[in-house]
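Here the structure is a predicted model, which is why all the values come from computation and not from measurement. No hydrogens, no waters, no symmetry mates; every other heavy atom, side chains included, goes into these values.
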Number of protein chains: 2
Amino acid sequence: MSQYHHGNLRNALLTIATELLSEDGVHSLSLRKMAQRAGVSHNAPYMHFADKEAVLAAIAEEGFRLLSVEVESAISHANTTRLRLIEASNAYVNFALNHPNHVQVMFCPYDAEKYPSLLEASQASLNRLFELVKSGQEKGELISGDTQAMTKSVWAMVHGVATLSIAYKTRALLPEKISTKETISVFIDCLLTGLAP
Amino acid sequence: MSQYHHGNLRNALLTIATELLSEDGVHSLSLRKMAQRAGVSHNAPYMHFADKEAVLAAIAEEGFRLLSVEVESAISHANTTRLRLIEASNAYVNFALNHPNHVQVMFCPYDAEKYPSLLEASQASLNRLFELVKSGQEKGELISGDTQAMTKSVWAMVHGVATLSIAYKTRALLPEKISTKETISVFIDCLLTGLAP
DNA sequence: ACCTGAACACCGTTCAAGT
DNA sequence: ACCTGAACACCGTTCAAGT
């Protein structure tokens, strides 16, 4: 019964919350359901989280860490900057398609000063992309421009593909015939080659 | 008391919902609050909407129409394709910054078959962008490639900037010093010029 | 057709206790 | 420090009525 001392409950609740999120959408994620599934009274969660928003922020933070891991391992076997960008984007979009509710929680507008570790985790993800762009520039595989601006452009594009894919459940951006990765390489090539003559 | 016959209540509820949304975030938008503010019993809304999701879908639909109007009028005075893309993007991002909760509701994953008029409204917005790209190609101001793919690339980029701007309340993508429009022109120029040497 | 009132099963959050 | 139980004000949704 009381195997939950010393902070175990916090982790258990987060695991349960992630499970519930993958089943049923953010709107039906409740503290009371989490508590019940953890076999604990309905306000035990308040020992570990200030309120519901704090739980969501913790879930979001965990999401950025999971995303970073997936992107990192996707990149690891790619040789050129173009392929690295495609693999990273593919991992990002697939993460969004596999965990749409988690991504929705990740990109809610939180008060950054209230959840510093969340900000940290999300910035770590972005920094990884910054390094990718910078090393591409150093190798001469990307133009030598404002690295920050270029990084943000890639991020915006990939994030747009990811969130639009969630909203339209693949249909709008990713045609059924072609594989997700092939489609994404079209987007990345648009960004690399440019649309102006 | 009963000035609400013949479908007026439906519109009144949507107006009230939009107001509530601009004040307080999606999580605290409730049918009961809407009904109360409309001076009507707490389940009168069920005469006009199947459930809460149907209200949200209607709000989303209205949002796409508002967005289309803003983008259209922003485009109208721009001469080149580049300027039109910048003005359209600027309107899109400013709409998101001014109505973040509305945009959040617009891009939730709805069942398209359940809300056909919502799908229609959102596709109308996208079609307008498609025409912009196509006319740019015809004028030789854009490369002649797959128009669909190019349109989706622009859309993804702009939508990414918009949603990330909401999530990070301007900070992450739009530096405070520079105006939003200037920053957006950097993104668009990245996409036009391309990142590869 | 359009609206009301009572009722049900759920919420988040607080507060006084218990160990 | 960590958890429980009762209580409060709020939800969405349904159903039997009223006009």
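Nearest to the side-chain atoms of A:Met47 among the listed nucleotides C:dT13, D:dC2, D:dG12 stands D:dC2. Here the nucleotide nearest the side chain of B:Leu9, chosen from C:dC3, D:dC3, C:dT13, is C:dC3. Among D:dC11, C:dC3, D:dA6, the nucleotide with an atom closest to any side-chain atom of A:His42 is D:dA6. Among the nucleotides D:dC11, C:dT13, C:dT4, the one closest to the side chain of B:Ala44 is C:dT4.
As a whole-Å value, the separation of B:Leu31 CG from C:dC11 P is 17 Å. Atom CE of A:Met34 and atom P of C:dC10 are 18 Å apart (whole Å). D:dC11 atom P lies 11 Å from atom CG of B:Asp24, rounded to whole Å. Between A:Arg32 atom CZ and D:dA9 atom C1' there is a gap of 12 Å when expressed in whole angstrom units. Straight-line distance from the CG atom of B:Leu56 to the C1' atom of D:dG12: 12 Å, rounded to whole Å. Atom-to-atom, CZ of A:Phe49 to P of C:dT13 comes out at 13 Å; the value is rounded to the nearest Å. Separating the NZ atom of B:Lys52 from the P atom of D:dT14 is a distance of 14 Å, rounded to the nearest angstrom. Following rounding to the nearest Å, B:Arg10 (CZ) and C:dA1 (P) show an atom-to-atom distance of 18 Å.
Looking at heavy-atom distances under 4.0 Å, B:Ser30 makes contact with sugar-phosphate atoms alone, never a base. Residue contacts shown for B:Asn43 include a base, since a base heavy atom lies under 4.0 Å away.
Taking the P atoms as reference points, C:dA17 lies 22 Å from D:dC2, given to the whole Å.
Listed for the B:Asn43 side chain is no donor-acceptor partner under 3.5 Å among the backbone atoms of B:Tyr46. In this structure a side-chain-to-backbone donor-acceptor pair under 3.5 Å is missing from A:Lys181 to A:Ala91. Side-chain atoms of A:Asn94 come within 3.5 Å of backbone N or O of A:Asn90 as a donor-acceptor pair.
With sequence neighbours excluded, no residue satisfies side chain to side chain donor-acceptor pair (under 3.5 Å) with B:Asn98.
Aromatic ring orientation, B:Tyr115 versus B:Tyr110: perpendicular (interplanar angle above 60°, classes split at 30° and 60°).
Counting only Watson-Crick and G-U wobble pairs whose two distances sit under 3.5 Å, DNA chain C takes part in these stems of three or more pairs: C:4-8 with D:12-16, C:12-16 with D:4-8.
The shortest distance between the side-chain N/O atoms of A:His48 and the OP1/OP2 oxygens of D:dC3 is below 4.0 Å. The side chain of A:Tyr46 contributes no N or O atom lying less than 4.0 Å from OP1 or OP2 of C:dG12.
With salt bridges taken as basic N to acidic carboxylate O contacts below 4.0 Å, none links B:Arg82 and B:Glu141.
In this structure, A:Phe64 has its ring center under 6.0 Å from that of A:Phe107.
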